[in-house]
Amino acid sequence: MASFLFLSVLFSFLHFTSSIPSIGITYSSTVSPPPPPLPAKVSSLISALKITSVRLPDPDPSLIKAFAPTNTSLFLSISNSHLPALASNGSVGLSWLRRHVLPFYPRSKISLISVGNTVLDSTTIQDFSPFLLPATRNLHHALQELGINKIQISATFSFFSTITTAFPPSSAVFQQPAGDLIIKPLLQFLEQTNSSFLINIYPYNLFRLNSEIPIGFALFQDNLFNFRDDPVTGIRYFNLFAMMADAVLTAMAAMGYQNIPVVVAETGWPSGGSQAEEVEANEVYAEMYLKGLVRHLKSGAATPLKKDGVAEVYVYELMDHSGGNNERGRKWGILTENMTMKYNVEFSSGAKNSGICLVAIWFTNWLLITSMNLILGFIGIQG
């Protein structure tokens with residue numbers, strides 16, 4: 001009986017720790033302050049920060065190679081400008097893989113490739129959405145042709161150009177007509193290939209658009225009034241990130257794809273705004289958001305609706321940079337432009353290790369109790 005109880009506790013701990021999302025970082029090499037740091041320095045720095053997952057929106061081959069000696073998981077992206085050629089010609093996908101994957105994989109632990117980034121955003125100059133599905137399928141076929149079947153292929157979307165509403169989350173659906181024309185067939189592809197749905201979630205942007213959202217609710221702060229109740233599900237939300245994530249899960253479930261994992265490809269809070277009125281874009285709030293995000297994810301409750309609904313979260317981004325458009329002109333980095341740390345945030349997923357430690361403690365206690373019972377039983381028999 002004691003053995004059964006111990007094994008039940010052991011497996012419950014293993015199940016709990018496996019559901020904690022990994023926390024990664026985005027490194028944009030093309031927007032780093034000139035000259036960009038050497039790839040080896042970047043990989044060493046990220047390893048020193050104990051960050052085990054990195055998203056590379058513009059994956060330079062030398063940078064991919066630099067992560068080969070590390071245990072870092074790599075999430076690569078193909079730029080939107082490549083989609084037309086990739087969609088029309090399967091050999092383009094093979095050429096891209098021969099340059100960015102084959103020379104380094106599996107030593108460089110490439111786990112995921114996003115075909116395009118936020119192609120549905122209305123701010124883009126050219127509409128790449130018609131090319132998204134055929135480009136995604138062609139890249140998948142190219143991987144299969146090369147005998148690689150452990151790298152996921154997906155596409156990244158923006159919350160604001162994809163989801164109808166964040167509150168209540170139970171009312172969220174995908175925006176039309178893109179929902180039926182693009183997202184639904186993509187979700188079918190992701191289900192067939194065991195891949196994840198990728199989306200950017202920025203509570204900062206939603207907070208700026210809605211003056212009724214308390215700043216503490218956006219920053220994971222514990223406060224008497226920092227909660228929102230979904231009137232349909234009755235779920236109480238204590239932070240904006242979880243509410244937005246559940247809106248995504250609800251929209252996916254409405255299309256019948258509730259079991260596909262979600263990866264938050266970008267999230268963060270700027271420490272400096274591109275406009276003078278962005279007073280909430282400061283280092284104090286940025287650190288509060290990052291610490292709150294990490295604490296929330298390590299608690300094992302990424303979303304109230306589905307505990308394992310979010311598989312990975314990537315913070316945007318590693319370093320500040322100058323210039324760019326209105327969105328990227330903000331200061332999002334956890335490091336300054338000269339690579340000094342701005343915040344005291346521990347990104348390593350320590351909860352997984354603590355779960356293993358708890359199992360070890362339970363095992364030790366079980367051995368002691370079992371031994372004592374055997375000894376006492378033996379003494380009783382002798383007596």
Side-chain angles (χ1 to χ4, degrees), residues 22-77 79 100 108 110 112 114 117-118 156 158 200-205 263-275 278 280-294 297 312-349:
S22 67
I23 306 171
I25 195 81
T26 293
Y27 173 62
S28 305
S29 57
T30 60
V31 295
S32 296
L38 295 174
K41 186 174 183 179
V42 173
S43 65
S44 297
L45 174 62
I46 290 174
S47 296
L49 293 172
K50 299 180 181 179
I51 297 174
T52 58
S53 302
V54 177
R55 173 176 170 264
L56 302 175
D58 31 65
D60 184 87
S62 62
L63 189 58
I64 299 171
K65 180 180 179 181
F67 282 98
T70 72
N71 198 36
T72 306
S73 175
L74 299 182
F75 166 4
L76 310 183
S77 293
S79 66
H100 295 87
S108 294
I110 303 167
L112 176 61
S114 173
N117 184 37
T118 64
T156 305
S158 165
N200 301 338
I201 293 180
Y202 282 104
Y204 173 76
N205 290 340
V263 171
V264 178
E266 289 185 16
T267 191
W269 195 281
S271 61
S274 58
Q275 301 175 18
E278 293 186 66
E280 292 86 5
N282 60 68
E283 288 196 14
V284 174
Y285 283 174
E287 184 168 14
M288 289 171 68
Y289 178 82
L290 291 174
K291 284 184 174 180
L293 174 69
V294 171
L297 296 175
E312 300 174 77
V313 176
Y314 290 83
V315 171
Y316 189 87
E317 62 181 324
L318 182 65
M319 294 172 57
D320 284 338
H321 58 85
S322 301
N325 58 29
N326 187 49
E327 175 66 20
R328 295 297 185 249
R330 298 175 180 137
K331 303 291 185 180
W332 295 94
I334 65 170
L335 304 177
T336 63
E337 294 179 7
N338 60 6
M339 301 182 70
T340 59
M341 198 71 180
K342 291 159 63 176
Y343 316 117
N344 182 24
V345 181
E346 177 62 56
F347 289 99
S348 62
S349 200

Q: Looking only at the aromatic ring of each residue, does the gap between the centers of Trp269 and Tyr343 stay below 6.0 angstrom?
A: no
Q: As a test of understanding, state which of Leu76, Asn117, Thr156, Thr26 forms a side chain to side chain contact (heavy atoms under 4.5 Å, CB included) with Pro57.
A: Thr26
Q: Got a sec, which residues hit side chain to side chain donor-acceptor pair (under 3.5 Å) with Thr267, two or more places apart in sequence or on another chain?
A: Tyr289
Q: Tell me yes or no: between the side chains of Lys65 and Ser108, is some donor less than 3.5 Å from an acceptor?
A: no
Q: Report the distance from atom OG1 of Thr340 to atom CG of Asp320, rounding to the nearest 0.5 Å.
A: 9.0 Å
Q: Mind checking the CD1-CG spacing from Ile25 to Leu49? Nearest 0.5 Å is all I need.
A: 8.0 Å
Q: Rounded to the nearest 0.5 Å, what separates atom NZ in Lys342 from atom OG in Ser271?
A: 2.5 Å
Q: Any non-hydrogen side-chain atom of Tyr202 less than 4.5 Å from a side-chain atom of Trp332?
A: yes
Q: So, taking the atom named OH in Tyr27 and the one named CD1 in Ile51, what distance separates them when rounded to the nearest 0.5 Å?
A: 13.5 Å
Q: Any pair with a residue in residues 39-49 that passes side chain to side chain donor-acceptor pair (under 3.5 Å), sequence neighbours left out, goes on the list, sorted by first then second residue, please.
A: none
Q: Give the intermediate values and the outcome of side-chain contact (heavy atoms from CB on, under 4.5 Å) for residues Met341 and Ile334.
A: CA-CA 6 Å; Met341 198 71 180; Ile334 65 170; 4.1 Å; yes
Q: Compare every heavy atom of Pro270 with every heavy atom of Ala286, then report the nearest pair and how far apart it is.
A: CB-O, 4.0 Å
Q: Does the side chain of Leu45 come within less than 4.5 Å of Leu335's, by heavy atoms?
A: yes
Q: Return yes if a side-chain donor-acceptor contact under 3.5 Å exists between Thr72 and Thr52, otherwise no.
A: no
Q: Restricting to side chain to side chain donor-acceptor pair (under 3.5 Å), what partner residues turn up for Asn282, sequence neighbours left out?
A: none
Q: So does Lys331 pair up with Glu337, basic N to acidic O under 4.0 Å?
A: yes
Q: On the ring face of Phe75, is Arg55 found with NZ or CZ under 6.0 Å from the centre and within 45° of the axis?
A: yes
Q: Roughly how far, to the nearest 0.5 Å, is the CG atom of Leu297 from the CZ atom of Phe347?
A: 10.5 Å
Q: Assess whether side-chain contact (heavy atoms from CB on, under 4.5 Å) is satisfied between Ser77 and Asp58, documenting all intermediate values.
A: CA-CA 6 Å; Ser77 293; Asp58 31 65; over 6 Å; no
Q: Show the numbers, then the answer: is there a side-chain contact (heavy atoms from CB on, under 4.5 Å) between Tyr314 and Val264?
A: CA-CA 6 Å; Tyr314 290 83; Val264 178; over 6 Å; no
Q: Would you name the heavy atoms of His100 and Pro59 that are closest together and state the gap between them?
A: CD2-O, 3.0 Å
Q: Residues in salt bridge (Lys or Arg N to Asp or Glu O under 4.0 Å) with Glu287, at least two apart?
A: Lys291
Q: Within a strict 4.5 Å, meaning less than it, do heavy atoms of the Pro37 and Met319 side chains meet?
A: yes
Q: Do Glu280 and Tyr204 pair up side chain to side chain, a donor and an acceptor below 3.5 Å, judged on atom types alone?
A: no
Q: Taking it one step at a time, do Glu266 and Ile201 satisfy side-chain contact (heavy atoms from CB on, under 4.5 Å)?
A: CA-CA 6 Å; Glu266 289 185 16; Ile201 293 180; over 6 Å; no
Q: Could you name each residue pair satisfying ring pair (Phe, Tyr, Trp, His ring centres under 6.0 Å) that touches residues 49-71, not counting sequence neighbours?
A: none
Q: Which value, rounded to the nearest 0.5 Å, describes the distance between Ile23 atom CD1 and Leu293 atom CG?
A: 6.5 Å
Q: May I have all residue pairs that pass ring pair (Phe, Tyr, Trp, His ring centres under 6.0 Å) and include part of residues 42-66, sequence neighbours excluded?
A: none
